[in-house]
Amino acid sequence: MKIRYVGSRAGLDPDRDVEIGQVFTVLQVGESYFLAIDEGGDPTTFYEDEVELVNPPLDPPTPGKPEWIGTDARDYFTDPVYANAKTIDQKVETRGQIHELRHATPEDFERDDPAYVGRIEIWASSLIGGGPIETAHLLAMNSVGVGDKLFAHFESNPNGTKYVQFRDADGTLLPFSPYYDFNSLTLERAFLRLRRGQRIVCEVTEIKAMTGTCAPASPDTTWTVYDFVADARIVGQHME
């Protein structure tokens, strides 16, 4: 993710040796700031209203009607569709298969590609107003367009909990995560298949946008969610 400096925030006089129009590569996205480096590798922190995207996507998504599917874990134990699944992972996998069948095309049944991981949906969200002001998140969300590639990798917390993170082609760590639990499971299993020199690439094929307010609890707070639909593949040695 590349950003261009457009000027300091009103009322702020930061001690920065940067020029208007200078381009930086973002390393990490905060709620309302970016940690970025210049061409020489020197780090700088910018607020989101001090920068603009370099070469943003031409057609940003238009927010539409929310499309949620139930995520109540109790369904795994009460819905008869999961009766034959013996473990939680099997129940999650069954739920994912049902979801995929709803979106399948004839081409999906004809696919014969060992490198193909599956259809992955990636969650990104922003809250503006009220508590957290995640305006930088929204700018990061708008930096990704159809056809862009996101690189998935696994990380572990100090307590051993594993989670998936995504970076773009510039190496920016994005505030994105797998949309559903079955997306996480699909990626986790794909990570176990990786050999030296291989990685998982998610090419965005569609972007769904949803927005609304947190009324009645916080009517002045607006939430925005992007659902990046992507084809995930293993690339690298013997897989290109």
Side-chain angles (χ1 to χ4, degrees), residues 1-63 120-157 163-179 199-204 207-211 214 220-228 230:
M1 176 180 174
K2 294 193 180 297
I3 54 176
R4 180 183 295 109
Y5 179 61
V6 298
S8 61
R9 172 176 285 189
L12 184 67
D13 186 20
D15 184 18
R16 298 194 191 112
D17 185 20
V18 298
E19 298 180 358
I20 301 293
Q22 189 172 349
V23 174
F24 295 80
T25 299
V26 176
L27 295 179
Q28 190 168 356
V29 181
E31 291 182 349
S32 60
Y33 69 89
F34 300 99
L35 175 60
I37 56 173
D38 61 17
E39 292 182 351
D42 294 326
T44 308
T45 300
F46 296 103
Y47 289 108
E48 89 292 337
D49 55 357
E50 297 179 315
V51 299
E52 63 182 9
L53 291 173
V54 176
N55 297 323
L58 296 177
D59 298 310
T62 301
I120 299 296
E121 296 184 54
I122 300 170
W123 166 286
S125 65
S126 171
L127 283 174
I128 299 178
I133 309 299
E134 298 171 336
T135 42
H137 284 198
L138 188 58
L139 196 66
M141 292 155 60
N142 285 324
S143 73
V144 178
V146 171
D148 287 348
K149 295 180 179 179
L150 302 178
F151 300 85
H153 60 101
F154 239 179
E155 296 290 343
S156 296
N157 288 323
Y163 58 97
V164 181
Q165 290 188 321
F166 296 92
R167 294 182 183 271
D168 65 13
D170 294 313
T172 304
L173 179 60
L174 298 166
F176 298 175
S177 62
Y179 202 105
R199 56 181 176 171
I200 297 174
V201 178
C202 303
E203 183 172 352
V204 178
I207 304 174
K208 303 175 186 178
M210 298 156 276
T211 189
C214 297
D220 295 330
T221 300
T222 299
W223 58 263
T224 302
V225 169
Y226 281 11
D227 177 2
F228 296 97

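Basis for what follows: all heavy atoms, side chains included, without hydrogens, waters or symmetry-related copies.
- Note that OG of Ser8 is 9.5 Å distant from CG of Asp49, once rounded to the nearest 0.5 Å.
- Among all heavy-atom pairs drawn from Val146 and Ile207, the shortest one is N-CD1, 4.0 Å.
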**OP:** Assess whether side-chain contact (heavy atoms from CB on, under 4.5 Å) is satisfied between Ile37 and Leu27, documenting all intermediate values.
**Re:** CA-CA 7 Å; Ile37 56 173; Leu27 295 179; 3.6 Å; yes
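- Within 6.0 Å of atom CD in Glu19, 12 or fewer heavy atoms from other residues, nucleotides or ligands are found, so the atom counts as exposed in its surroundings.
- Asp168 places a side-chain N or O within donor-acceptor distance of the main-chain N or O of Met1, the cut-off being under 3.5 Å.
- Distance check: Gln22 CD to Thr44 OG1 gives 7.5 Å after rounding to the nearest 0.5 Å.
- In this structure, the separation between CG on Leu150 and CD on Gln165 is 13.0 Å, given to the nearest 0.5 Å.
- Considering every non-hydrogen atom in both Ala140 and Pro175, the closest pair reads CB-CD, 4.2 Å.
- If you take CD1 on Ile122 and CE on Met141, they are separated by 12.5 Å, rounding to the nearest 0.5 Å.
- Closest heavy-atom contact between Pro178 and Val164: CG-CB, 3.8 Å.
- Counting only distance, with no hydrogens or angles, the side chain of Thr172 and the backbone of Val26 share a donor-acceptor pair below 3.5 Å.
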**OP:** Would you sort out whether Asp148 and Phe228 count as a side-chain contact (heavy atoms from CB on, under 4.5 Å), showing the intermediate values?
**Re:** CA-CA 10 Å; Asp148 287 348; Phe228 296 97; over 6 Å; no
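- Heavy atoms only, all atoms of each residue included: Leu174 and Arg167 are closest at CD1-C, 4.3 Å.
- Across Phe166 and Cys202, no two heavy atoms sit closer than the pair CE2-SG, 4.2 Å.
- A heavy-atom distance below 4.5 Å is found between the side chains of Val51 and Leu139.
- Residues Tyr5 and Phe46 bring their aromatic ring centres within 6.0 Å.
- Closest approach of Ser125 and His137 over heavy atoms only: O-ND1, 3.5 Å.
- Taking the six-membered ring for Trp and thresholds of 30 and 60 degrees, Trp123 and Tyr179 have ring planes more than 60 degrees apart, a perpendicular arrangement.
- Counting only heavy atoms from C-beta outward, the side chains of Phe176 and Val144 approach each other to under 4.5 Å.
- Using modelled atom types, no side-chain atom of Thr25 and backbone atom of Lys2 make a donor-acceptor pair closer than 3.5 Å.
- The environment of CZ in Phe154 is crowded: more than 12 heavy-atom neighbours from other residues, nucleotides or ligands sit within 6.0 Å.
- Here Asp170 contributes atom CG and Phe151 contributes atom CZ; the two are 9.5 Å apart, rounded to the nearest 0.5 Å.
- Considering only heavy atoms from C-beta on, Tyr47 stays 4.5 Å or farther from Thr135 through its side chain.
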